[in-house]
Peer 1: 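Sharing a structure here in structure tokens format.
Being a predicted model, the structure only gives us computed values, none of them experimental.
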Amino acid sequence: MLEDFKLSQENFYHEVLQFGLHKKFSHAYLIETKDYLDSDNLVLAFAKFLYCPHHYTNFSCCGDCNRCHLIDLGINSDIMVISPEGSWIKKEQVQEIKDKFMTTSLENNVRIYIIKEADKLNKQAANALLKFLEEPDNQLIGILVCRNRYQVLETLQSRCQLLSLSGNQDNITNIENEDFLHDFISTIEIKKEAAIAFIPSLLANEYWTKDEWIVIFTQLEMIYEQALRKSVLPEFSSSFSQLVELVLKYNTEKDCLRKLEVIHSYIQKLTFNLNVSLMLDAFVIDFSGGEYSYV
């Protein structure tokens with residue numbers, strides 16, 4: 001039940017309750033899990049909340065009615081879940097959603113489709129889903145689930161209401177590389193493309209492994225994300241206020257969004273690429289807003 005996440009996902013919980021209180025639901029939601037460990041159960045609880053009227057009409061914390069039991073058993077005809085087949089979600093899977101919900105529910109119930117790992121929609125599937133979202137059905141609600149919203153096409157994001165969870169990274173209270181991150185952020189923000197020449201001196205001319213850089217970039221992603229939150233919600237409190245304020249000194253909300261996309265794309269590249277030095281040069285240029293044709 002949604003109540004189970006009242007403490008671990010307080011912001012999500014209260015935001016969802018407002019949907020029920022005002023009986024105002026979106027036709028599509030994008031849930032950013034940030035590697036939250038119990039995200040599957042949370043998504044299921046959210047689907048129950050949307051589907052079972054006992055949840056949002058009298059807040060009785062239903063979970064025992066026939067509708068909820070059928071969801072638990074995975075045999076509710078008004079609920080459909082798809083996930084990647086192999087490496088990607090394919091166009092045919094999106095078409096299955098359209099075919100299944102082409103007609104009105106016999107009991108006039110809301111119907112829900114859940115797309116797990118929505119960042120793995122291939123191009124054809126994403127375009128098919130986009131057309132689906134552009135012609136919303138009042139009885140149909142989509143729940144797209146992803147680890148990081150920046151991996152999902154911006155056109156899909158714009159048609160969904162974002163629900164961002166508090167992930168494992170949000171619970172980090174200490175960064176071993178805080179001094180280096182401060183110098184690194186200062187260098188790439190102030191020097192821009194010229195930072196390429198200064199990074200070796202930051203490293204004291206030592207060679208850092210790919211895994212060490214993945215840690216740095218993951219922490220960098222967290223800091224810029226917290227800076228983005230702070231830019232939108234001034235009352236937002238961060239464990240790394242000094243680093244967050246440093247980022248906000250040089251960036252607007254729009255800047256933070258763009259740079260987060262760059263940082264995340266290079267986390268993915270680090271996972272596969274062995275030429276760290278070349279990757280860092282490309283990152284500095286892309287981060288500064290230049291263009292670098294790097295594969």
Peer 1: Given Tyr224 and Ile185, is the side chain to side chain contact (heavy atoms under 4.5 Å, CB included) satisfied, shown in steps?
Peer 2: CA-CA 10 Å; Tyr224 274 79; Ile185 292 170; 3.7 Å; yes
Peer 1: Identify the heavy atoms of Ile143 and Ile31 that sit nearest to each other, and give their distance.
Peer 2: CG2-CD1, 3.8 Å
Peer 1: Indicate yes or no: does Lys98 engage Glu135 in a salt bridge with an N to O separation below 4.0 Å.
Peer 2: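 Looking at Glu135 together with Lys98, the answer is no, because their closest N to O distance does not fall below 4.0 Å.
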Peer 1: Would you check if the side chain of Glu32 reaches a backbone N or O of Arg149 as a donor-acceptor pair within less than 3.5 Å?
Peer 2: yes
Peer 1: Is it true that Ser186 and Asp183 share a donor-acceptor pair across their side chains at a distance under 3.5 Å?
Peer 2: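 Not at all, the side chains of Asp183 and Ser186 share no donor-acceptor pair under 3.5 Å.
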Peer 1: Rounded to the nearest 0.5 Å, how far does CD1 of Ile97 lie from CD1 of Ile114?
Peer 2: 10.0 Å
Peer 1: Is the shortest heavy-atom distance from the side chain of Val145 to the side chain of Glu117 under 4.5 Å?
Peer 2: no
Peer 1: Is a side-chain N or O of Arg258 found less than 3.5 angstrom from the main chain of Phe287, in a donor-acceptor match?
Peer 2: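 Yes: the side chain of Arg258 pairs with the backbone of Phe287.
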Peer 1: One pair to check against side chain to side chain contact (heavy atoms under 4.5 Å, CB included): Phe25 and Phe19. What are the steps and the verdict?
Peer 2: CA-CA 6 Å; Phe25 300 106; Phe19 301 158; 3.5 Å; yes
Peer 1: Are there more than 12 heavy atoms of other residues, nucleotides or ligands under 6.0 Å from atom CD of Glu15?
Peer 2: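 Yes, because the 6.0 Å sphere around CD of Glu15 holds more than 12 heavy atoms from other groups.
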Peer 1: Which atom pair, heavy atoms only, marks the closest approach of Leu153 to Ala126?
Peer 2: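 So the minimum-distance heavy-atom pair works out to CD1-CB, 3.5 Å.
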Peer 1: Do the side chains of Arg147 and His264 get nearer than 4.5 Å, heavy atoms only?
Peer 2: yes
Peer 1: Do Asn251 and Glu189 pair up side chain to side chain, a donor and an acceptor below 3.5 Å, judged on atom types alone?
Peer 2: yes
Peer 1: Is the shortest side-chain heavy-atom distance between Asp4 and Asn41 below 4.5 Å?
Peer 2: no
Peer 1: Return the minimal non-hydrogen interatomic distance between Leu144 and Ala118, and the atom names on each side.
Peer 2: CB-CB, 3.9 Å
Peer 1: In the single-linkage hydrophobic clustering (I, L, V, M, F, W, Y; side-chain heavy atoms under 4.5 Å), do Val215 and Ile223 co-cluster?
Peer 2: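 No, Val215 does not connect to Ile223 through the hydrophobic network.
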Peer 1: Write down the atom of Gln9, the atom of Leu42, and the distance for their closest heavy-atom approach.
Peer 2: CG-CD1, 3.7 Å
Peer 1: Could you work out, with side-chain contact (heavy atoms from CB on, under 4.5 Å) as the rule, every residue matching Thr187, not counting sequence neighbours?
Peer 2: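 Result, side-chain contact (heavy atoms from CB on, under 4.5 Å) vs Thr187: Lys191, Ala195, Phe198, Leu202.
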Peer 1: Once you round to the nearest 0.5 Å, how far does NZ of Lys269 lie from CH2 of Trp213?
Peer 2: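 Those atoms lie 15.5 Å apart.
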Peer 1: Any pair with a residue in residues 123-134 that passes side-chain hydrogen bond (donor to acceptor under 3.5 Å, both in side chains), sequence neighbours left out, goes on the list, sorted by first then second residue, please.
Peer 2: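 Found Glu134-Arg159.
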Peer 1: List the steps, then state whether side chain to side chain contact (heavy atoms under 4.5 Å, CB included) holds for Val247 with Cys256.
Peer 2: CA-CA 8 Å; Val247 170; Cys256 288; 4.1 Å; yes
Peer 1: In this structure, are over 12 heavy atoms from other groups packed under 6.0 Å from Lys230 atom NZ?
Peer 2: yes
Peer 1: CD/Glu3 to CZ/Phe49 distance, rounded to the nearest 0.5 angstrom?
Peer 2: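 Those atoms lie 10.5 Å apart.
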Peer 1: ring-ring contact (aromatic ring centres under 6.0 Å, His included) with Phe46: which residues, sequence neighbours excluded?
Peer 2: Phe12, Tyr29
Peer 1: Would you say the side-chain atoms of Asp99 pair up with the backbone N or O of Glu96, donor to acceptor, closer than 3.5 Å?
Peer 2: no
Peer 1: Can you find a heavy atom in the side chain of Thr252 that is under 4.5 Å from one in the side chain of Ser231?
Peer 2: no
Peer 1: I'd like to know whether Lys48 forms a side chain to side chain contact (heavy atoms under 4.5 Å, CB included) with Leu2, so could you lay out the CA-CA distance, the side-chain angles of the two residues, the decisive distance to 0.1 Å, and finally the verdict.
Peer 2: CA-CA 8 Å; Lys48 285 182 180 180; Leu2 200 66; over 6 Å; no
Peer 1: Do Lys249 and Glu245 come within less than 4.5 Å of each other through their side chains, counting heavy atoms only?
Peer 2: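 Result no, sub-4.5 Å side-chain heavy-atom pair not found.
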Peer 1: What's the spacing between Glu178 CD and Leu243 CG if we round to 0.5 Å?
Peer 2: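 Taking CD in Glu178 and CG in Leu243, the distance rounds to 5.0 Å.
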Peer 1: Would a distance-only check, ignoring hydrogens and angles, find a side-chain to backbone donor-acceptor pair under 3.5 Å from Gln157 to Val152?
Peer 2: yes
Peer 1: Hey, could you give me the CG/CE distance between Leu181 and Met222, rounded to the nearest 0.5 Å?
Peer 2: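 It comes to 8.0 Å.
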Peer 1: Any chance you could lay out the ring-ring contact (aromatic ring centres under 6.0 Å, His included) test for Phe132 and Phe101, step after step, and finish with the verdict?
Peer 2: CA-CA 11 Å; Phe132 202 26; Phe101 296 132; 8.2 Å; no
Peer 1: Parallel, tilted or perpendicular: which describes the rings of Trp208 and Phe180, with under 30° parallel and over 60° perpendicular?
Peer 2: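 Rings of Trp208 and Phe180: tilted, as their planes differ by 30° to 60°.
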Peer 1: Classify the ring geometry between Phe184 and Phe283 as parallel (under 30°), tilted (30 to 60°) or perpendicular (over 60°).
Peer 2: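 The rings of Phe184 and Phe283 lie parallel, inter-plane angle below 30°.
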Peer 1: Look up atom CG in Leu270 and atom OG1 in Thr218, then write down how far apart they are to the nearest 0.5 Å.
Peer 2: 8.5 Å
Peer 1: May I ask you to test the Leu156-Leu121 pair for a side-chain heavy-atom distance under 4.5 Å?
Peer 2: yes
Peer 1: Distance-only, no hydrogens or angles: does the Gln93 side chain make a donor-acceptor pair with backbone N or O of Ser83 under 3.5 Å?
Peer 2: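 Flag set: sc Gln93 to bb Ser83 pair under 3.5 Å.
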Peer 1: Please answer: with hydrophobic residues joined when any side-chain heavy atoms are less than 4.5 Å apart, are Trp88 and Val81 in the same cluster?
Peer 2: no
Peer 1: Can you check whether Leu162 reaches Cys160 side chain to side chain, under 4.5 Å on heavy atoms?
Peer 2: no
Peer 1: Is it the case that over 12 heavy atoms from other parts of the model lie below 6.0 angstrom from the NZ atom of Lys100?
Peer 2: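 Counting neighbours around NZ of Lys100, more than 12 heavy atoms of other residues, nucleotides or ligands fall under 6.0 Å, so yes.
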Peer 1: Can you check whether Asp255 reaches Tyr250 side chain to side chain, under 4.5 Å on heavy atoms?
Peer 2: no
